[in-house]
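Counting starts at 1 for both ligands and their atoms, following the listed order. These numbers were taken from a predicted model, which means no experiment stands behind them. Residue numbers count from 1 along this sequence. Scope of the values below: all heavy atoms of this structure, side chains included, with no hydrogens, waters or symmetry mates.
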Amino acid sequence: MKLIVCENYEEMSKEGAKIIAEQLKNKPNSILGLATGSTPVGMYEELRRMNAEKEISFAEVTSYNLDEYYPLAPDHDQSYRYFMNTNLFDHVDIDKSKTFVPNGLAENPAEEGKKYDEAIANAGGIDLQVLGIGQNGHIGFNEPEDELYVSTHLTGLTDNTIEANARFFASKADVPTQAITMGLGSIMKAKKILLLASGKAKHDVVTKMLDDRITTSVPSTLLKTHADLILICDKACLNG
Ligand code: PGA
């Protein structure tokens, strides 16, 4: 694992964007794995700037997002499809028909998961996967459990996660209790992984990323076995 420590959130965001820009310069038709949440918002903002100033182009990019609430319509303002449109896709030269997010209204979520993994494999696999990290070490919606899933699947959200995400909904009762998420195997198949973490609240979990142990009770630790993992964090996160 390569660790990059930045002064603050803004620098972390720029550093992340730089790595994506490099990826797109080396391979303009990259398959990107993208993430939602508050952490990558600044990075997407920097990517929008780079695109507007013609430093990078998304014209040939295909993207697959990590997860989506279930059930939730793509045009709901808390859906991850809506998040991606408003934070990135609506503002850059990406072909939206080549941007994919699990279907939060799929009639058969198990089938949706299977098809999603097949589509990624048929596209050639993810070149660069962007990830945030939950305070409990969740990656996507792969929550701490004795057993984790390899493939994209429907999963229940823990009370912790529902609580953490309730701030975005009218009330806690409005937060969907399930999601379709890429599994740890789907994520680990990416050729390169970019993990972003910022702020004191992630200090404990980032500390667990820096020792030599892995455990399904902190799903992010499994990423340590990946051959090309970059962790970018800021000083507040590293030092607590
Ligand atoms: P956050 O969420 O970026 O809003 O902290 C990360 C996550 O829960 O995966």
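Using a 4.0 Å heavy-atom cutoff, Lys202 is listed among the residues neighbouring ligand 1.
Taking 4.5 Å as the limit, some side-chain heavy atom of Val92 sits within range of a side-chain heavy atom of Leu88.
Checking Ser38, Ala201, Ala164, Gly140 against atom 1 (P) of ligand 1, the nearest heavy atom belongs to Ser38.
For ligand 1, the polar-atom distance check against Arg167 finds no nitrogen or oxygen pair separated by under 3.5 Å. Taking any N or O of His138, backbone or side chain, at least one lies under 3.5 Å from an N or O belonging to ligand 1.
For residues 203-215, every residue pair satisfying the salt bridge (charged side-chain N to carboxylate O under 4.0 Å, His left out) rule, not counting sequence neighbours, is listed here: Asp211-Arg213, Asp211-Lys224.
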For Glu118 and Lys114, run salt bridge (charged side-chain N to carboxylate O under 4.0 Å, His left out): C-alpha distance rounded to whole Å, both residues' side-chain angles, the deciding distance at 0.1 Å, then the answer. CA-CA 6 Å; Glu118 280 169 7; Lys114 194 162 165 266; 3.8 Å; yes
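With hydrogens and angles ignored, the 3.5 Å screen pairs no side-chain donor or acceptor of Glu112 with any backbone N or O of Asn108. When atom types are taken as modelled, the side chain of Ser198 and the backbone of Tyr9 share no donor-acceptor pair closer than 3.5 angstrom.
For atom 3 (O) of ligand 1, the closest non-hydrogen atom on the protein side is Thr39 OG1, 2.5 Å.
Within ligand 1, the atoms closer than 4.0 Å to a non-hydrogen atom of Gly37 are 3 (O), 4 (O), numbered from 1 in the order shown.
Taking the six-membered ring where tryptophan is involved, the planes of Tyr80 and Tyr69 are tilted, since the angle between them lies from 30° to 60°.
Only the backbone of Ile133 comes within 4.0 Å of ligand 1, counting heavy atoms alone; no side-chain atom from C-beta on gets that close.
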